[in-house]
Amino acid sequence: MNIRLRFKLIALLIVLSLAGLLVFQGYWLKGLYDTLYKQMEINIEEAMKIADYKELFLRIRSIKKEQGALGPQTQDVYFSSELDPSNKQKMDAKASIHPQKEDPDLNREDIFKTANPDSHMKLHIDYGDEEDFSSIDSTLTDYLYVIGEVEDMVQQAMHANIDSIKPIDFKTYNKLLTSELEARNIVTEHELVTIYKPNNGDEKGWMHLDKPERFTTWKNPVHFDYPLHNESTLQYRLFLKSPASVILTQMKGILISSFLLLLLIICAFIYLLRTILKQKTVEELKTDFTNNMTHELKTPIALIQGYAEGLKDNINDDEESREFYCDVIIDEAAKMNEMVKKLLNLNQLEFGEDQVNMERFDLNAVIKGVLQSSDILIRQKEAKVLFTGGDPLYVWGDEFKVEEVITNYLTNALNHLDYDHTIEISCKKEGNVVKTTVFNTGDPIPEEDLDKVWVKFFKVDKARTREYGGSGIGLSIVKAIMDSFQQQCGCQNYDNGVAFWFTLEADGKTEEA
């Protein structure tokens, strides 16, 4: 499989895995939210019931206090069933409240039987076959339902009796309900109202306990009803402003943990993807390097081989021809030797194996030295070099490597010189660095190639580069040296030429040149 296609496939699988993880995480959190919401509904129903019990017992205690009958007592609750005029069976719960002394020899079950010996409830139980559990499950469901109904009847029987003696204290119930909700971590703005449902089916009536119709200004409030009478003629209705905020508050720890875990996984995926892409780039660079090296060495090797065979076969017997053949062989061997040296130097720089000796030196003196050593080449190119370095310009860096950078920039400028054959070198202090620029007149570099000139063996004009013997490594060495200094380098196009620049740390007492 093609390497590029393989890396694309791996990247696609990583992205799909990450997307699947996000979907699964969202689905799991949604399921948790729904579960907690249902539990909140159960907790609200339980809170409304417990608050109602407490309000009932507070009224009972008030009645007992008025009767002067506070203290331990036994309560008789009687149930009777009778047919109504429409022949429909219903439970009419009646309760009487009067103090009785407890018999210490009777347990709770005996007390109930003594107080109400004729009260009983028939429950049909089908035990089914030995291995049949469905009937037991059904019976258990019915049994639990009946227990709940009995509890409701007890509570409604108490309401029927107590409400006739002392009316419901709605504000007390509201306070008790608020306390019960807070005990169940249901803390949000709410409002309690009562609903009257007349028997004739007319529209419901309202009685507000706090600020009238405050809930009508809320956006999408949720309400929960709790009946006070067995025919639901009177109900409590609890409005919650933001039940979702209650659930999210309960899920806060899980949400934060899930977010951090998801963030960690995303970072790991991104790091893995970047590593894979980096490896892909390395593979491509290795391939390009092999191709470029093959191309660069192919021509000199072919020339050396050709002229060596010519000497062996005595194609030309005259001394001048043999001298020419030998010069070509020596020249091409020297080019290959120079290329190998530069590659070794570049390899040491890129892998940090070449030691950098940071020192304070005069940058102007280094530039003047490079110009003097390149004087012959400058005259051959008929170049006009402009440099007005005067007073010493002290910077920090490896003087030998900075000299190599300036030499490479100057050589590159001379090889691409055109128009009026002008090279201008300038040094300018910018903050705490000194920016050195080497400008040459000539054709600009194509914009799409500006970032590629630092790549090994990259050549804008390969034919022209071969003409002046360039290897395509010089600018790569400049980039590696500047990286080892932790400084910057770059190039910029102008209408009449190209400028290459680099920065060095200023000594603090430098002046512009």
Side-chain angles (χ1 to χ4, degrees), residues 36-63 75 77 90-95 97 145 147-247 250:
L36 291 177
Y37 195 92
K38 291 178 181 179
Q39 185 61 44
M40 182 191 69
E41 292 178 337
I42 295 173
N43 290 338
I44 290 175
E45 182 180 355
E46 181 182 359
M48 296 181 78
K49 178 181 291 187
I50 297 300
D52 187 39
Y53 272 125
K54 288 184 176 181
E55 191 275 334
L56 277 170
F57 284 114
L58 285 175
R59 282 191 286 151
I60 292 175
R61 187 172 66 178
S62 176
I63 295 173
Q75 232 33 92
V77 182
K90 72 174 184 178
M91 293 295 294
D92 181 17
K94 298 181 180 178
I97 300 177
Y145 173 77
I147 291 176
E149 289 293 310
V150 170
E151 181 185 4
D152 291 340
M153 287 189 296
V154 170
Q155 192 168 7
Q156 291 168 9
M158 293 175 68
H159 265 291
N161 184 257
I162 303 299
D163 293 354
S164 62
I165 301 174
K166 194 176 186 66
I168 297 174
D169 189 342
F170 295 108
K171 290 188 177 181
T172 299
Y173 176 80
N174 193 22
K175 292 179 181 178
L176 293 170
L177 177 59
T178 300
S179 177
E180 291 297 323
L181 291 174
E182 290 176 353
R184 291 163 176 77
N185 294 322
I186 302 174
V187 181
T188 184
E189 192 173 353
H190 64 274
E191 182 176 1
L192 181 68
V193 301
T194 56
I195 302 175
Y196 293 102
K197 183 179 180 182
N199 293 326
N200 58 10
D202 293 341
E203 188 175 343
K204 292 182 179 181
W206 301 84
M207 183 181 78
H208 302 271
L209 300 180
D210 199 358
K211 299 178 182 178
E213 300 186 0
R214 181 165 53 113
F215 65 89
T216 59
T217 61
W218 297 344
K219 184 178 180 181
N220 301 324
V222 178
H223 69 269
F224 301 88
D225 291 341
Y226 179 76
L228 295 175
H229 292 169
N230 58 342
E231 295 181 354
S232 299
T233 55
L234 181 64
Q235 297 180 3
Y236 287 129
R237 173 163 289 187
L238 176 67
F239 286 91
L240 295 185
K241 182 177 182 179
S242 180
S245 65
V246 177
I247 305 300
Q250 296 176 359

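Using the six-membered ring where Trp is involved, Tyr236 and Tyr226 have ring planes that are parallel, under 30° apart on the 30 and 60° scheme.
Atom-to-atom distance recorded for Ile165:CD1 and Ile63:CD1 is 4.5 Å, nearest 0.5 angstrom. Separating the NZ atom in Lys49 from the CG atom in Leu177 is a distance of 14.0 Å, to the nearest 0.5 Å. Once rounded to the nearest 0.5 Å, the distance linking CG of Asp225 with CE of Met48 reads 7.0 Å. Rounded to the nearest 0.5 Å, atoms CZ (Arg184) and CD (Glu46) are 4.5 Å apart. Separation of atoms CG (Asn174) and CG (Asp169) is listed at 10.5 Å; rounding is to 0.5 Å. Atom NZ of residue Lys54 and atom OG1 of residue Thr172 lie 13.0 Å apart, to the nearest 0.5 angstrom.
The 12-atom threshold is not exceeded at CD of Glu45, counting heavy atoms of other residues, nucleotides or ligands nearer than 6.0 Å.
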- Give the intermediate values and the outcome of side chain to side chain contact (heavy atoms under 4.5 Å, CB included) for residues Ile60 and Met158. CA-CA 10 Å; Ile60 292 175; Met158 293 175 68; 3.8 Å; yes
- Message: Determine whether Glu55 and Phe170 satisfy the following criterion, side chain to side chain contact (heavy atoms under 4.5 Å, CB included), listing intermediate values before the conclusion.
- Response: CA-CA 9 Å; Glu55 191 275 334; Phe170 295 108; over 6 Å; no
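Under a 3.5 Å cut-off, the side chain of His223 and the backbone N or O of Pro221 do not form any donor-acceptor pair. For Glu180 (side chain) and Ile50 (main-chain N/O), no donor-acceptor pair under 3.5 Å exists by modelled atom type. For Ser62 (side chain) and Leu58 (main-chain N/O), no donor-acceptor pair under 3.5 Å exists by modelled atom type.
With a 4.5 Å cut-off on side-chain heavy atoms, Val246 and Asn185 do not count as touching. By the 4.5 Å heavy-atom criterion applied to side chains, Ile44 and Leu240 are counted as neighbours.
Nearest heavy-atom pair, Val193 versus Phe239, reported as atom, atom and distance to 0.1 Å: CG2-CE1, 3.8 Å.
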